[in-house]
Amino acid sequence: MVSLGVDGLRVLAAGGVGDNVVAGRVAVVVGRMVFVFPGRGSQWVGMARELMGGSLVFAARMDECGRALESFTNWRLADVLGDVDVLERTEVVQPVLWAVMVWLAAVWQSLGVVPGAVLGHFRGEVAAAVVAGALLLEEGACVVALCAGTLGVLAGCGGMTSLVLSARGSGH
């Protein structure tokens with residue numbers, strides 16, 4: 001990921017563009033649905049099981065996501081959905097959440113709910129890219145599984161924090 005940095009923000013604020021600044025405009029589509037996919041957060045064991053039994057579209061897309069993920073993981077999607085211990089592992093829960101987002105979008109679209117735009121955060125952006133057609137399902141599975149696998153390896157080796165500093169107080 002490229003960091004914009006303070007210099008890039010100054011260029012953007014002045015109306016310019018630079019090496020690490022991308023600017024553009026988005027057309028507003030009034031009356032169209034937007035799918036917003038989250039990162040990791042609100043998940044629970046067995047959350048997809050009822051939909052698998054109640055929606056043929058959901059179950060079919062689950063099978064497709066499961067096959068796509070198998071190339072990049074050492075576990076099967078259908079096997080981990082009800083396993084509380086396995087779902088605690090970053091390298092498992094992130095691809096599972098990605099798959100649930102892709103499954104849900106397929107169900108909504110099968111019911112005629114077609115988004116005018118899609119967006120996402122963290123692994124949700126990978127789901128959004130798949131739903132939008134910017135990534136093939138297999139490409140999305142690769143991105144989410146490899147990123148989650150890397151985070152799984154790094155788990156416990158550090159931490160994250162948020163610092164609120166003014167530009168003057170930062171020493172730059």
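Numbering starts at 1 and runs along the sequence shown.
Counting only heavy atoms from C-beta outward, the side chains of Arg61 and Leu137 approach each other to under 4.5 Å. Proximity of Cys147 to Arg123: side-chain heavy atoms (C-beta onward) are separated by under 4.5 Å at one or more points. Residues Val34 and Val36 meet the side-chain proximity criterion, which asks for heavy atoms closer than 4.5 Å. Between Cys65 and Trp98, some side-chain heavy-atom pair lies under the 4.5 Å cut-off. Leu104 has its side chain within reach of Phe58: a pair of non-hydrogen atoms, C-beta onward, lies under 4.5 Å apart. In this structure, the side chains of Leu81 and Met62 come closer than 4.5 Å at one or more pairs of heavy atoms. Side-chain atoms of Val131 and Phe35, non-hydrogen and from C-beta on, do get closer than 4.5 Å to each other. Side-chain contact between Val102 and Phe37: absent, with no pair of heavy atoms (C-beta onward) separated by less than 4.5 Å.
Nearest heavy atom pair, residue Gly140 against residue Leu135, reads CA-CD1, 4.1 Å. In terms of heavy-atom proximity, Trp75 sits nearest to Glu91 at CZ2-O, 3.7 Å. Between Ser55 and Val107, the shortest heavy-atom contact is OG-CG2, 3.7 Å. Between Val118 and Ala128, the shortest heavy-atom distance links the atoms CG2-O, 3.3 Å. Residues Phe72 and Ala145 share a closest heavy-atom pair of CB-CB, 3.6 Å.
One distance of note links CZ of Arg76 with CZ of Arg67; it measures 10.5 Å at 0.5 Å rounding. Between the CD atom in Glu125 and the CE atom in Met101 there is a gap of 10.0 Å [rounded to 0.5 Å]. For the atom pair Leu87 CG and Asp83 CG, the distance stands at 6.5 Å (nearest 0.5 Å).
Both Val130 and Met33 are assigned to one and the same hydrophobic cluster, defined by single-linkage of ILVMFWY side chains at heavy-atom distances under 4.5 Å.
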Show, in sequence, the C-alpha distance, side-chain angles and deciding distance for Val144 and Leu69, and conclude whether the side chain to side chain contact (heavy atoms under 4.5 Å, CB included) test is met. CA-CA 9 Å; Val144 75; Leu69 284 169; 4.1 Å; yes
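The main-chain N or O of Leu136 is found under 3.5 Å from a side-chain atom of Glu139 such that the two form a donor-acceptor pair.
In this structure, Leu119 places its CG atom where more than 12 heavy-atom neighbours from other residues, nucleotides or ligands lie under 6.0 Å away.
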